[in-house]
Amino acid sequence: MRKIIIAIDGYSACGKSTTAREVARELGYRYIDSGAMYRAVTLYFLDKHVALTNPKEVERALQDIKISFVVNSKGISQTFLNGRNVEKEIRKMKISENVSPVSAIRAVRVAMVEQQRRMGKDRGVVMDGRDIGTVVFPGAELKIFLTADMLVRAFRRQKELLEKGDLVDIDTIVANLKQRDSIDSNREESPLRKADDAEGIDTTHITIDEQVDEVIRLAVARMILQPGKQV
Ligand code: CDP
């Protein structure tokens, strides 16, 4: 079967990463977490006190940033920033609170999109994010757009954070999700929106296994039926 690109977009904490990771594992595809790249840039900017309003500083900082993914012995993809494993750090609330303004900067998006396209050039990838089906790979053979009720999303995120030892109250999480939804959807540069040809899946009342099965079913149909599209 020919290799395709699967783009999974949607709001925070709708199950994008979990679904994308599992779909990639089942298909033997590469999983790329584009959000982790924006989170890594945010970590670097915070560490180096980069002024977001100073385009020269931003450009210079972007030239010094190298992001890569390495699969560990448990088969889980880890994010590296300039050779350092930052997987744990980038999931902290501090990063979540700062990532959307960083991701709204045009120069940041140009740099990340270029890398993402390179990573997907041989196809056989599942990439999740906000603009994968609309901007990064508008020709992706399968586009998924995930949604879920706010409270369900917040509880899922709280559980994830708790598993990593981070206890955050539900109101703080709801406020962060709402703020990011708003910035991500209303920014000028590649705002979060469902591509016209994306399949919408509401994950409020379904399990991860059901989500994964649905995406695999759609993917296999695309692998067999559609002639190759160019990205
Ligand atoms: O894990 P969660 O779903 O909360 O977010 P994420 O996928 O790690 O992405 C973190 C942030 O990065 C988002 O809120 C967006 O501001 C930004 N992002 C983006 O702008 N474009 C992408 N393709 C992926 C993430």
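Heavy atoms only, all atoms of each residue included: Arg222 and Arg2 are closest at O-NH2, 3.3 Å. Residues Gly139 and Arg123 approach most closely at O-NH2, 4.2 Å, considering heavy atoms. The shortest non-hydrogen separation linking Gln211 to Cys14 is NE2-O, 3.9 Å. Closest approach of Val136 and Met127 over heavy atoms only: CG1-SD, 4.3 Å. In terms of heavy-atom proximity, Val125 sits nearest to Tyr29 at N-CD2, 3.5 Å. Shortest non-hydrogen contact noted between Lys16 and Asp9 is CD-C, 3.6 Å.
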Do Ile32 and Ile132 pass the side chain to side chain contact (heavy atoms under 4.5 Å, CB included) test, and can you show the C-alpha distance, the side-chain angles, and the key distance before you say yes or no? CA-CA 11 Å; Ile32 296 159; Ile132 311 305; over 6 Å; no
Is there a side chain to side chain donor-acceptor pair (under 3.5 Å) between Asp169 and Thr172? Walk through the geometry before answering. CA-CA 6 Å; Asp169 69 88; Thr172 305; 2.8 Å; yes
Take Ser77 and Arg21, measure what side chain to side chain contact (heavy atoms under 4.5 Å, CB included) needs, and give me the verdict at the end. CA-CA 9 Å; Ser77 175; Arg21 191 177 303 117; 5.8 Å; no
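Here the side chains of Thr42 and Ile90 are not in contact, with every heavy-atom distance at 4.5 Å or above.
Rounded to the nearest 0.5 angstrom, Lys178 NZ and Ser12 OG are separated by 13.5 Å.
For Glu141 (side chain) and Ile5 (main-chain N/O), a donor-acceptor pair under 3.5 Å exists by modelled atom type. A donor-acceptor pair under 3.5 Å links the side-chain atoms of Asn98 to the main chain of Lys94, judged by distance alone. In this structure, the side chain of Gln78 does not engage the main chain of Phe69 through any donor-acceptor pair within 3.5 Å. Using a distance-only test at 3.5 Å, with no hydrogens or angles considered, a donor-acceptor pair links the side chain of Asn186 to the main chain of Ser182. When atom types are taken as modelled, the side chain of Arg117 and the backbone of Phe137 share no donor-acceptor pair closer than 3.5 angstrom. Remark: side-chain polar atoms of Thr204 are paired, donor with acceptor, to backbone N or O of Asp149 under 3.5 angstrom.
Under the 4.5 Å side-chain heavy-atom criterion for ILVMFWY residues, a single connected hydrophobic cluster contains both Leu81 and Met119. Ile105 and Val135 sit in two unconnected hydrophobic clusters of ILVMFWY residues. Membership requires side-chain heavy atoms under 4.5 Å apart, directly or through other members. Both Ile224 and Val126 are part of a single hydrophobic cluster, where members link through side-chain heavy atoms under 4.5 Å apart. Ile8 and Leu192 are members of different hydrophobic clusters when ILVMFWY side chains are connected at heavy-atom separations under 4.5 Å. Met112 and Val86 fall within the same hydrophobic cluster, where Ile, Leu, Val, Met, Phe, Trp and Tyr residues are linked whenever their side-chain heavy atoms come under 4.5 Å apart, directly or through other members.
Residues Phe80 make up the rest of the hydrophobic cluster containing Val70, defined by ILVMFWY side-chain heavy atoms closer than 4.5 Å, directly or through other members. Residues near Val152 contribute nothing to a hydrophobic cluster around it, because no ILVMFWY side-chain heavy atom sits closer than 4.5 Å to its side chain.
Taking the charged nitrogens against the carboxylate oxygens, Arg106 and Glu189 do have a contact shorter than 4.0 Å, which makes a salt bridge.
Within 6.0 Å of atom NZ in Lys194, more than 12 heavy atoms from other residues, nucleotides or ligands are found, so the atom counts as buried in its surroundings. Open room surrounds OH on Tyr11; 12 or fewer heavy atoms of other groups in view lie less than 6.0 Å from it.
For Glu97, the salt bridge (charged side-chain N to carboxylate O under 4.0 Å, His left out) criterion is met by no residue, not counting sequence neighbours. Listed by chain and number, the residues in a side chain to side chain donor-acceptor pair (under 3.5 Å) with Ser185 amount to none (sequence neighbours excluded). For Arg157, the salt bridge (charged side-chain N to carboxylate O under 4.0 Å, His left out) partners are Glu160, not counting sequence neighbours. The salt bridge (charged side-chain N to carboxylate O under 4.0 Å, His left out) search around Asp184 returns Arg130, Arg187, not counting sequence neighbours. Residues passing the salt bridge (charged side-chain N to carboxylate O under 4.0 Å, His left out) test with Lys143 are Asp197, sequence neighbours excluded. Thr203 meets the side chain to side chain donor-acceptor pair (under 3.5 Å) test with Arg156; sequence neighbours excluded. Taking Asp128 as the reference, Ser17, Tyr31 meet the side chain to side chain donor-acceptor pair (under 3.5 Å) condition, with sequence neighbours excluded.
Note on residues 43-53: no pairs pass side chain to side chain donor-acceptor pair (under 3.5 Å), not counting sequence neighbours.
The residue from Arg84, Lys164, Arg39 that alone fulfils the salt bridge (Lys or Arg N to Asp or Glu O under 4.0 Å) condition with Glu89 is Arg84.
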Pairs under 3.5 angstrom only: tabulate donor-acceptor contacts from the side chains of residues 212-221 to other protein residues two or more places apart or in another chain.
unit_1	atom_1	unit_2	atom_2	d
Glu214	OE1	Arg217	NE	3.2
Glu214	OE1	Arg217	NH2	3.4
Glu214	OE2	Arg217	NH2	3.0

Donor-acceptor pairs under 3.5 angstrom involving side-chain atoms of residues 58-66: please list them, not counting sequence neighbours.
none

